[in-house]
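Report on the following structure.
Everything quoted here is computed from the prediction, not taken from an experiment. Numbered from 1 within each chain, the chains take letters A, B, ... in sequence-line order.
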2 protein chains.
Amino acid sequence: MHPQRWGDPAAATVLPDAARGLVELAFGLSESPAATDVALPPVGTDEVVLEALRAAVGAQHVHVDDETRRLRTRGKSTPDLLRARVGDLVDAPDVVVRPGSHEEVAAVLALAVEHHVAVVPFGGGTCVTGGLAARRDGFAGLVSLDLVRLDRLLEVDEISMTATLEPGLRGPEAEALLAEHGLCLGHYPQSFQHASIGGFAATRSSGQSSAGYGRFDQMVVGLRVATPRGEWRLGSSPANAAGPDLRQLVLGSEGAFGVITAVTVRVRRLPEVKVYEGWRWSSFAEGATAMRTLVQSGMLPTVLRLSDEAETGLNLARPDAIGEESSGCLMIVGHEGTRAQVESRRAAVTEVLAGLGGTPLGEEPGRSWEHGRFQAPYLRDSMLDVGVLVETLETATFWSRADALYAAVREALERELGADGGSAIVLCHLSHVYETGCSLYFTVATSAGDDPLGRWGRAKAAANDAIVAQGASITHHHAVGTDHRPWLSAEIGDLGASVLRAVKADLDPTGVLNPGVLIP
Amino acid sequence: MHPQRWGDPAAATVLPDAARGLVELAFGLSESPAATDVALPPVGTDEVVLEALRAAVGAQHVHVDDETRRLRTRGKSTPDLLRARVGDLVDAPDVVVRPGSHEEVAAVLALAVEHHVAVVPFGGGTCVTGGLAARRDGFAGLVSLDLVRLDRLLEVDEISMTATLEPGLRGPEAEALLAEHGLCLGHYPQSFQHASIGGFAATRSSGQSSAGYGRFDQMVVGLRVATPRGEWRLGSSPANAAGPDLRQLVLGSEGAFGVITAVTVRVRRLPEVKVYEGWRWSSFAEGATAMRTLVQSGMLPTVLRLSDEAETGLNLARPDAIGEESSGCLMIVGHEGTRAQVESRRAAVTEVLAGLGGTPLGEEPGRSWEHGRFQAPYLRDSMLDVGVLVETLETATFWSRADALYAAVREALERELGADGGSAIVLCHLSHVYETGCSLYFTVATSAGDDPLGRWGRAKAAANDAIVAQGASITHHHAVGTDHRPWLSAEIGDLGASVLRAVKADLDPTGVLNPGVLIP
């Protein structure tokens with residue numbers, strides 16, 4: 001059995017020679033752990049329940065075979081990959097169910113309540129925070145609710161510039177359906193090729209073009225949700241004052257309140273022109289100030305991303321150039337829109353960046369970034385193959401606190417990963433900016449050692465502690481899952497946690513939805 | 001005793017002759033109802049409670065005199081004004097308490113829980129949806145929690161471009177404090193001169209410059225809330241994926257979940273230049289298409305407002321010119337920012353509007369609008385004085401549904417107000433636009449008749465029914481209060497109402513906070 005890896009096997013990265021040399025220098029190379037041929041836990045769900053599920057969605061859409069169950073076990077964090085490599089599949093669902101409509105989702109939820117079976121909504125399976133590893137204790141089984149058959153573009157409204165999408169659509173599928181109408185969503189997280197519309201909504205996803213197209217939660221204007229207590233529709237208007245905005249309570253609920261069965265999003269016209277270019281800054285601080293100046297002047301490009309000195313040095317923003325020598329800090333600036341929009345915005349942004357001391361590098365670094373923008377997760381597998389653990393984590397804060405947060409997280413990671421005499425490389429980029437602040441995205445490479453799960457677990461905990469101590473967010477766009485859950489109360493307060501539990505108890509009184517995920 | 005009226009008596013409007021003639025023609029003129037000299041209900045709160053409140057906030061900040069209580073009775077809707085005119089003060093609070101800090105607010109809430117006294121948070125008192133008319137049945141009294149002493153600018157962060165404001169600050173006070181730092185908020189609802197920061201947050205307010213500065217809920221990045229269960233702080237970062245955005249649950253909670261004691265908002269540099277100008281369109285539909293084109297092209301000016309033919313004809317967008325002849329549909333377009341920003345944006349917007357067939361009217365209509373932008377509520381009192389009831393209501397929808405909504409609401413109002421042979425003028429403007437939709441703001445003038453409260457109540461109910469039938473929002477920025485509460489479940493669903501009740505029960509278990517307001 002091939003160990004569980006990222007994405008499409010055909011697209012897997014071959015570690016470039018330059019990178020291989022660099023990795024060997026830093027960590028030494030070791031053999032990949034042997035892929036263990038392990039059996040899954042037996043199906044723990046009663047035949048009565050399986051029969052009821054078959055009646056609800058059709059027998060051909062209820063799967064108990066090992067391969068289907070294995071591929072819906074956990075997500076794609078490095079700990080997930082490590083557990084899969086050593087044959088730990090204890091979190092495998094008992095059964096994978098593929099409903100074909102809102103009504104079938106509702107029927108599965110009704111059965112789950114009746115038989116007290118836990119339900120894990122499954123979209124693209126790209127979660128990196130343990131959001132698919134629900135607690136199964138106390139439940140009569142665990143159903144992976146695979147939404148892949150909910151893959152339709154239900155409605156396009158070209159006057160309002162909205163589209164209603166089903167949750168199982170993958171990023172490229174959604175964009176392809178919209179492109180037939182000359183429209184796009186513009187949501188390109190690194191997981192774009194595999195992640196789903198429902199997942200984007202349930203996790204408050206943010207994409208690489210968030211500066212121009214906004215976060216996914218800013219795109220959503222309407223939601224249809226199946227809950228154990230029935231259907232819930234939201235979205236009378238773009239914005240209103242009819243009490244709290246309850247859409248913002250469903251967005252980020254990670255399957256714990258209900259299953260999103262349709263999402264109405266704001267769409268845009270397909271851009272005529274896309275131009276991505278590189279700029280070099282002498283320091284991370286200078287580049288960050290330039291980003292802040294742009295956003296606070298209302299002059300945001302579509303893509304804006306700045307690598308720190310270490311990430312620039314390793315060329316991680318450009319996976320095809322990893323290991324090539326580089327200096328200073330690389331900024332990627334992208335403009336999309338009509339030809340006229342791109343020309344005028346590019347001219348204005350160029351004037352500001354040049355005025356602040358940036359060096360234009362032309363379009364080559366931009367093309368290189370665009371080419372490699374979805375490749376980094378593949379690289380992670382290649383590095384694991386040679387005994388190097390690579391993982392990422394991200395946070396967000398206000399501009400005035402970004403320097404201190406950057407230092408504190410780096411320090412925590414380097415301290416913890418160096419504690420046993422190991423070594424670590426910590427890289428960072430800023431890739432989501434707001435008028436008042438930004439996200440910091442860290443990539444960590446370290447020797448896997450004998451106990452990679454333990455090493456990374458301690459490092460991640462130290463980073464989370466540092467983030468919380470800085471008053472920042474424990475996650476900008478990776479969501480909470482089970483991995484961040486112990487730190488959530490520190491961020492939203494005990495009352496925030498209490499409110500989440502109250503909402504959960506109201507919508508899911510028997511607690512069958514994604515138990516143990518999100519809610520502290 | 002002078003009947004309760006809008007705002008500052010010195011600024012009261014004298015009905016212009018042209019308007020007076022027009023009103024006489026439409027409705028006839030009648031005498032103002034005699035201002036009745038009425039006594040308030042006796043203070044219904046025990047002396048023990050009053051003593052405890054005095055101990056909590058200082059005796060000089062606990063008021064039981066008639067005038068202080070009367071001025072905190074209900075808000076400023078036309079029904080509120082009508083009830084005050086006929087001496088109906090049954091909703092008067094027993095006592096007005098003015099805490100000076102978060103801790104004192106918390107102490108008052110603790111006393112309210114202990115003695116089961118209802119608490120109505122009071123900011124500027126400009127509510128037009130009955131949000132200050134809490135239910136008192138079953139409570140040992142009703143406290144108006146006047147936040148006027150919480151009037152400090154607590155912190156300015158010029159790097160992050162945020163400021164932390166206390167909730168009792170009125171619009172002009174907040175802007176004046178920020179202006180000392182060269183900053184501004186840019187939030188100018190019609191109630192700006194009297195309404196408070198806490199009220200803006202608690203009601204999801206939206207101002208006349210929302211196109212450029214955003215809705216108030218988009219400005220808020222942090223909140224401090226006093227609840228019966230303790231302090232709640234939110235706002236780790238501009239945006240994140242740490243579960244649902246709970247700030248959006250507090251925004252719009254209308255005092256039912258807690259009392260907002262500090263608000264951290266995104267601020268902007270004071271604009272160097274402000275230019276407001278007029279454009280004429282041959283029809284409302286053409287003007288609306290122009291607005292939609294601008295917002296969907298990412299070319300929003302700071303202010304964008306379009307009056308329909310009827311409103312343009314009456315010049316209600318320009319109160320100093322009411323009654324002057326006018327034709328077509330007037331659009332106000334305002335640009336604020338640096339000189340360079342205003343020049344380039346104005347040029348781009350002008351090109352689009354001219355290309356779509358708009359006729360530029362120069363800056364005079366813009367200046368006239370700016371001069372009168374906060375005056376309309378005064379006019380309402382002058383009209384009531386001559387027996388004409390003027391009231392407003394607003395809704396929001398997606399662009400593709402705006403025409404049908406416009407027709408349905410007009411039809412409902414005209415039908416209901418014409419049912420007893422009375423007459424009505426229904427005017428409308430669009431003053432808040434989004435990529436996917438807009439708000440519709442209606443002004444209604446009708447003969448008051450013998451039973452103005454009954455007439456308006458039936459008309460408002462007919463309008464709300466029409467709005468709900470169209471799937472639109474029952475309120476774009478006036479909030480829910482008690483007046484919209486019967487229609488809220490139709491908009492957010494029974495599950496939405498259930499979730500609000502669950503959150504309420506969690507944060508305010510004994511239900512002392514603004515009982516009967518918002519939550520269905």
Side chain, backbone, both or neither: which part of [X] has a non-hydrogen atom closer than 4.5 Å to chain B?
X	value
A:Gln341	side chain
A:Glu254	side chain
A:Leu500	side chain
A:Arg266	both
A:His476	both

Q) Between B:Trp399 and A:Glu158, is there a donor-acceptor pair closer than 3.5 Å when you use the side chain of the first and the backbone of the second? A) no

Q. So, the side chain of B:Gln248 versus the backbone of A:Arg247: is there a donor-acceptor pair under 3.5 Å, distance only?
A. no

Q.
If you apply the rule side chain to side chain donor-acceptor pair (under 3.5 Å), what do you find for A:Ser400 with B:Ser160, and how did you get there?
A. CA-CA 5 Å; A:Ser400 62; B:Ser160 306; 3.1 Å; yes

At what distance, to the nearest 0.5 angstrom, does [atom1] of [X] lie from [atom2] of [Y]?
X	Y	atom1	atom2	value
B:Asp245	A:Leu249	CG	CG	10.0 Å
B:Arg401	A:Ser236	CZ	OG	9.0 Å
A:Ile492	B:Trp232	CD1	CH2	7.5 Å
B:Glu435	A:Arg268	CD	CZ	4.0 Å
A:Gln296	B:Arg269	CD	CZ	8.0 Å
B:Thr436	A:Asp157	OG1	CG	9.0 Å

Considering all heavy atoms of both residues, which atom of [X] and which atom of [Y] are nearest to each other, and what is their separation?
X	Y	answer
B:Arg204	A:Asn240	NE-O, 3.4 Å
A:Ser237	B:Ala396	CB-O, 3.4 Å
A:Gly243	B:Leu518	CA-CD1, 3.7 Å
A:Ala241	B:Thr203	CB-O, 3.4 Å
B:Leu488	A:Ala242	CD1-O, 3.6 Å
B:Leu495	A:Gly230	CD1-O, 3.5 Å

Heavy-atom contact with chain A under 4.5 Å, split by part of [X]:
X	answer
B:Ile467	neither
B:Tyr434	side chain
B:Leu251	backbone
B:His432	neither
B:Glu394	neither
B:Arg292	side chain
B:Leu507	side chain

Q) For residues 482-498 of chain A, which residue pairs qualify under salt bridge (charged side-chain N to carboxylate O under 4.0 Å, His left out), counting only residues two or more places apart or in two chains? A) none

Q) More than 12 non-hydrogen atoms from neighbouring residues, nucleotides or ligands closer than 6.0 Å to CD on A:Glu272, yes or no? A) yes

Residue selection (most heavy-atom pairs with chain A, distance under 4.5 Å) from [options]:
options	value
B:Val499, B:Leu246, B:Val503	B:Val499
B:Phe398, B:Phe257, B:Trp487	B:Phe398
B:Ala402, B:Gly496, B:Ser439	B:Gly496
B:Gly298, B:Ala479, B:Ser344	B:Ala479

Tell me which of these, [options], has more heavy-atom pairs under 4.5 Å with chain B than the rest.
options	value
A:Ala239, A:Gly252, A:Pro238, A:Ala472	A:Pro238
A:Ile519, A:Val468, A:Ile159	A:Ile159
A:His478, A:Arg501, A:Arg233, A:Arg215	A:Arg215

Q) Do A:Arg229 and B:Ser498 have side-chain heavy atoms sitting under 4.5 Å apart? A) yes

Q. Chain B contacts: which residues in residues 219-227 of chain A have a non-hydrogen atom closer than 4.5 Å to it?
A. A:Val221, A:Thr227

